[in-house]
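Here the structure comes first, spelled out in structure tokens, and everything after it is commentary.
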Amino acid sequence: MQRTLGTIIGGSLADGLTMRVNAETPLEIIRTGKFVSIVTPQYKFFSLITDMRLEVSHPDILLFPPGEHEQLLMSVLALKDMYATAVVRPMVVLNDRKQVLPVKIVPQHFSPVVEAQEEDITTIFGDERDPSGRYFAVGSPLGMKSPICLDLEKITERSNGIFGKTGTGKTFLTRLVLAGLIKNNKAVCVIFDMHSEYGLQARKEGNQELFVKGLRTLFPDKVAIFSLDPLSTQRRGGSPDMVISLSYQSISVEDLLSLQEELHLHSTAYEAAYLLSARYKQDWLAVLLSHGERLKDLANDVGAHPESIAALYRKLKQIERLPFFVPSPQGEEPSENIIDRMMEFIDRGISIIIEFGNYTSTFCYLLLANLITRKIHHMYTRKTERFLGSHRKQDEPQKLMIVIEEAHKFLNSQAARQTIFGTIAREMRKYYVSLLVVDQRPSGIDPEIVSQLGTRIIAQLHDEKDIQSVLMGAHNIQQLRVVLSSLDSKKQVLLLGHALAMPIVIETRSYDDQFYQAMIQQVKPLHDMINEIF
Ligand SMILES: Nc1ncnc2c1ncn2[C@@H]1O[C@H](COP(=O)(O)OP(=O)(O)O)[C@@H](O)[C@H]1O
Ligand SMILES: [Mg+2]
């Protein structure tokens, strides 16, 4: 019933075991990244195929290869003298009591290699039907149907990353993982949605169906859209649940630190900003922007270099063109605080999508994501400390996951040291806040941050530096690199890390009608929830 693909004829744990591929096994079904199991009486060794090789029984055969028309000779040779071998790398061992163990033993000679079976796969990766809702299927092994699950509890314990070139399916995968977290109530998410792809609907490449459903559409009672550009949200056929408006006072000098590269800000400009904020506190930016004509006086006033103040002014003046920053009178607390609104939603377990609409500049994205994350993190830290003080179960914060795209802009070596995102990535689970970073250029992220990521979901990458950086700190780097380089350009990823018992290559779960059906639950319209809140 179960097809034997080949038998183990040698090898080592360090370099991988050698499988001789059976003559009857079509070579097309043996490919790098394939998930197989080596069966012995007591153990099953779950393994990935990481390399393949063509062999002949005697070198002389190669001196006189059969010609195109010598079919008879060809079939005689195929029987015994030509064969293929594959390098099979065991990742975990399952014993006869169904315990998953690290690989410290080898299977004996001539153990058969078969395709892994569904029941073994659920033993290793968990079962989506488990009532705890802990496991969520994200795809299936190459050439197989059995679902591979992520352990959602483990996902929320650490920061995680989704990497791959543009167009490999990162956004689709991110939406998939978030759908799992939201459906099973494993985390509240704050998503900085630069291209408005997560909320209502998203454009799909190809010509059959143009759009896929966003998270707000799938989970109307668990997701709210906060929009910076309500007109854009409306043009896409929805209305935001909240419109974001912020005061100049909400921007602190810290928020500029991650803009250093983007704005080419010199360190003296920072010093000037610090001097301003020492003097004018939260009004520093409003004061600066209102002194366009009298920058020299302002410089004298705070003791800053006039040129630094002028440079700062020039760089920050673009904030005036952003309509969601509403200047509020100096010295006054802005009355309507959108961040408090966000916290109220988060406290009720409702995830938030921050839509940027037409404001897709890196400047906007970095500034807003920093500012909002800094404030939410601050509130979450206090919430956690209250819980740690009281130890009352009802005070325990929900896990919060913050999703950013273009992560290298937030977490390059310089920014990671100074900004809130670096802090969150480093402090890990202490305050119940973690990051989901999505990026097409992982080599731009601080290596220390990458090596702290719990789980990595990696699609095709071409750049050698990127490949090196995503595999940083993993076991079997050499073999995984081969697997990674053989991924298709879409809908195939290597899963690696904390939320999985072993690295595995999967065909990503399709984000389609069948998926929507699986997500649908009894819902309560969000309007009712909002009415209850306010
Ligand atoms: N899981 C999936 N289900 C259906 N289509 C997918 C899936 N993953 C990728 N695609 C297709 O690939 C295209 C690119 O995916 P996308 O997530 O936008 O890439 P990226 O964010 O990496 O640039 C999508 O428009 C879609 O057509
Ligand atoms: Mg994308």
Side-chain angles (χ1 to χ4, degrees), residues 33 128 136-150 160-183 189 191-215 217-218 236 353-357 359-362 365-366 369 402-410 435-445 456-463 466-467 469-470 484 487-495 504-519:
E128 201 173 30
F136 183 73
V138 287
S140 38
L142 299 186
M144 296 171 71
K145 291 259 175 319
S146 318
I148 295 287
C149 294
L150 285 179
N160 305 288
I162 296 184
F163 305 109
K165 284 190 322 180
T166 306
T168 49
K170 292 185 299 299
T171 303
F172 270 65
L173 249 162
T174 309
R175 217 187 289 111
L176 199 70
V177 173
L178 294 174
L181 290 168
I182 293 170
K183 172 172 185 277
C189 309
I191 303 152
F192 289 99
D193 185 4
M194 189 175 201
H195 302 294
S196 310
E197 301 170 292
Y198 291 93
L200 298 169
Q201 56 187 356
R203 203 170 260 290
K204 183 172 186 253
E205 289 169 12
N207 42 13
Q208 295 141 359
E209 245 183 291
L210 272 179
F211 291 98
V212 296
K213 293 187 181 183
L215 297 170
T217 313
L218 282 182
R236 279 174 290 110
I353 296 176
I354 295 160
E355 276 200 359
F356 282 70
Y359 300 100
T360 53
S361 71
T362 307
Y365 193 64
L366 287 172
I402 296 178
V403 186
I404 46 169
E405 300 225 23
E406 307 264 356
H408 66 273
K409 299 212 161 115
F410 295 92
L435 300 179
L436 177 59
V437 301
V438 183
D439 204 357
Q440 73 278 21
R441 202 168 71 75
S443 59
I445 302 179
R456 294 172 227 180
I457 299 181
I458 313 165
Q460 192 182 58
L461 284 168
H462 278 332
D463 190 288
D466 288 331
I467 294 173
S469 94
V470 287
L484 196 55
L487 291 179
D488 280 358
S489 62
K490 257 194 195 21
K491 291 187 71 176
Q492 274 189 8
V493 289
L494 169 66
L495 304 177
I504 185 150
V505 179
I506 60 161
E507 203 87 54
T508 313
R509 182 172 183 174
S510 274
Y511 195 89
D512 54 12
D513 287 332
Q514 204 185 345
F515 178 73
Y516 308 151
Q517 285 305 321
M519 294 301 107

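Nothing fancy with the numbering, it's 1 onward along the sequence. Keep in mind that this is a model prediction, so the values were computed, not measured. Because only heavy atoms are used, hydrogens play no part in the values below, and waters and symmetry mates are left out as well, while side chains stay in. For ligands, and for the atoms within them, numbers begin at 1 and follow the listed sequence.
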Using side-chain heavy atoms (C-beta onward) and a distance below 4.5 Å, is F163 in contact with T168? no

Which atoms of ligand 1 sit under 4.0 Å from any heavy atom of T166? 23 (O)

Main chain of E405, side chain of Y365: is a donor-acceptor contact present, judged purely on distance under 3.5 Å? yes

Any N or O of R509 that comes nearer than 3.5 Å to an N or O of ligand 1? yes

Between R509 (side chain) and F515 (backbone), is there a donor-acceptor pair under 3.5 Å? no

T508-K490 side chain donor-acceptor pair, cut-off 3.5 Å: no

Ligand 1 contacted by Q440 (non-hydrogen, < 4.0 Å): no

Hey, does K170 come in under 3.5 Å of ligand 1, counting only N/O atoms on both sides? yes

Look only at interatomic distance and state if T168 has a nitrogen or oxygen under 3.5 Å from any nitrogen or oxygen of ligand 1. yes

Between D193 and Y198, is there a donor-acceptor pair closer than 3.5 Å when you use the side chain of the first and the backbone of the second? yes

Where the closest heavy atom to atom 9 (C) of ligand 1 is concerned, which of S510, G169, S489, A459 has it? G169

Within-4.5 Å side-chain heavy-atom neighbours: V177 and I457: yes

Is T171 close enough that one of its N/O/S atoms sits under 2.8 Å from the Mg ion (ligand 2)? yes

